[in-house]
Amino acid sequence: MAENANALVGDTASLSINIQGRDEMVIVTARGAARELSRELGFGIVDQTRVATAISEIIRNVVQYASEGEVQFRVIEENGQPGLEMVVVDQGPGIADVERVLRGGYSTGNGFGRGISGARTLMDDFELQSEVGRGTRVWMRKWLR
Amino acid sequence: MAENANALVGDTASLSINIQGRDEMVIVTARGAARELSRELGFGIVDQTRVATAISEIIRNVVQYASEGEVQFRVIEENGQPGLEMVVVDQGPGIADVERVLRGGYSTGNGFGRGISGARTLMDDFELQSEVGRGTRVWMRKWLR
Amino acid sequence: MNIPVLQIERFLIVSVQGELKDNDVTALQQNLLERLRRTEAAGVLIDLTAVEVVDSYMGRLLRDTAAMIRLMGVPTVVVGLRPAVAVTLVELGLDLPGIHTDLNLERGLTWLRTQMR
Amino acid sequence: MNIPVLQIERFLIVSVQGELKDNDVTALQQNLLERLRRTEAAGVLIDLTAVEVVDSYMGRLLRDTAAMIRLMGVPTVVVGLRPAVAVTLVELGLDLPGIHTDLNLERGLTWLRTQMR
Ligand SMILES: Nc1ncnc2c1ncn2[C@@H]1O[C@H](COP(=O)(O)OP(=O)(O)O)[C@@H](O)[C@H]1O
Ligand SMILES: Nc1ncnc2c1ncn2[C@@H]1O[C@H](COP(=O)(O)OP(=O)(O)O)[C@@H](O)[C@H]1O
């Protein structure tokens, strides 16, 4: 496994993909990027779908509440285990009650209020930082089993 | 059609997706983004594949010759016809003989020399600008028929 | 994303091809309302075969649509839900309460026929 | 991307699952070389069912692999090439010269059997 991970990790190239358009165009673009990357990494179809759904939830919040943002994808490795790290940052209005949002079922829009809590369940590691008036940062990881 | 285009075009959100990793990770990420976006736009499976293949060729050159670069995706509209625009820019070594590269069959690597000429065939509009020591810019469009 | 509504026998088939949005769904609901009245359709089948990801937002829109159809007194069946999508819906804490689901178009239509009085 | 080599009857099955790279293909070729010697396999089948895009770089790697197999005196068949991939390969100005292609695994195996002396 360590050998395999070595083959996956490594910063040999970097690309910035910019997309401007209607909310759903932005969401599907990020989702396609995440799905294809997790497929290439060797994730099975269910984990690919988990990753694509999680990024979909978080990017939907970005386009809805902050209208612009940034995602960072990184192939990682810990103790010989490869994984995918996704960090999503926006400079939007921020979230006042992070605890409540993490518990789920709370929405200021007309959603289910299951976006953030759902993404957290779908990923292995999840951290949400937010400051009102400053913005929001979501950090997520999924490990290849 | 004009009505449909109106529904597709519009800058309501913007996202920057950054990916760092081995060449093939970067290529598949850009390809997944392009494929999913063209699918959402309503492109059929063959045109989706043409777009994904073209971006694959151009991004492969970026990671191979410049190691870092930038892609811009934009949903466009002209005379009521929607389309996808992709602009790929790098600050790499540039191409000395653009004419020759556009004709195809010329490679300084161990490729077929069909990347750029192939991408040009697969897309509807294609422009290559390059300056030695400064970098390369590829502009491509595909229209929804 | 314009959502096409087809007709097979006395059933309306809604084939979801991409990302759903609030106004797509409003348009779809009006379209269905009209078609149900005009054709006296006996059931609606929602086909999700082409859908690779259903997040909580899209889950809500699907549920709303099914609820509206139910209010009109006709049965709905959702077919083509991918196994991986079913797994993530459950993990998201969503389900499609009171919506009958079936494997594919044929089986969905068979079920709808049994619902006809 | 480690490319697995399976065996069915006297044939080796190479199933390409993701992006090919130069060193993957070198490893694959060494693996095939060894397996062909050891098992006296009578043919190689390359399955591209999972491959959604073949660009000119990957096209070259596929062609090189098939050429190597041919040099070893065993027939190769490529199966599962998606129609959209076939179209783009032609438009790219590439083809897979001298490589027999077939629709699916079964038909590929049937063809390989006819090639056995
Ligand atoms: N990026 C963000 N910026 C500002 N507020 C956010 C952001 N993401 C989520 N929120 C807030 O948290 C709430 C819960 O989000 P979520 O769990 O995704 O459910 P939903 O999107 O269905 O409302 C949202 O209704 C919104 O008020
Ligand atoms: N972004 C780039 N920066 C510098 N040189 C490039 C770039 N893209 C292409 N080239 C040059 O143009 C040649 C032809 O490119 P291409 O048609 O894609 O064929 P191939 O990649 O198979 O060589 C390459 O071999 C390389 O010398």
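Order of the sequence lines fixes the chain letters, A, B, ..., with proteins taken first and strands second; residue numbering starts at 1 for each chain.
Between the CG atom of A:Leu41 and the CD atom of B:Glu24 there is a distance of 9.5 Å, given to the nearest 0.5 Å. Atom CZ of B:Arg35 sits about 11.5 Å away from atom CZ of A:Arg35, to the nearest 0.5 Å.
In this structure, no portion of A:Ile27 lies under 4.5 Å from any heavy atom of chain B.
A donor-acceptor pair is defined here as one N or O able to donate and one able to accept, closer than 3.5 Å; such a pair exists between the side chain of B:Thr12 and the backbone of A:Gly21.
Nearest heavy-atom pair across A:Gln20 and B:Ser14 is CG-CB, 3.4 Å. What you find for A:Asn18 and B:Ser16 is that their closest heavy atoms are OD1-CB, 3.3 Å.
The candidate with the highest count of non-hydrogen atom pairs below 4.5 Å against chain A, out of B:Val71, B:Leu37, B:Ile59, B:Val87, is B:Val71. Ranked by heavy-atom pairs under 4.5 Å with chain B, the first of A:Val89, A:Asp90, A:Asp23, A:Val63 is A:Asp23.
For the pairing with A:Leu15, the side chain to side chain contact (heavy atoms under 4.5 Å, CB included) check across B:Val26, B:Val88, B:Thr29 returns one residue only, B:Val26.
Atom CD of A:Glu68 has 12 or fewer neighbouring heavy atoms from other residues, nucleotides or ligands inside a 6.0 Å radius.
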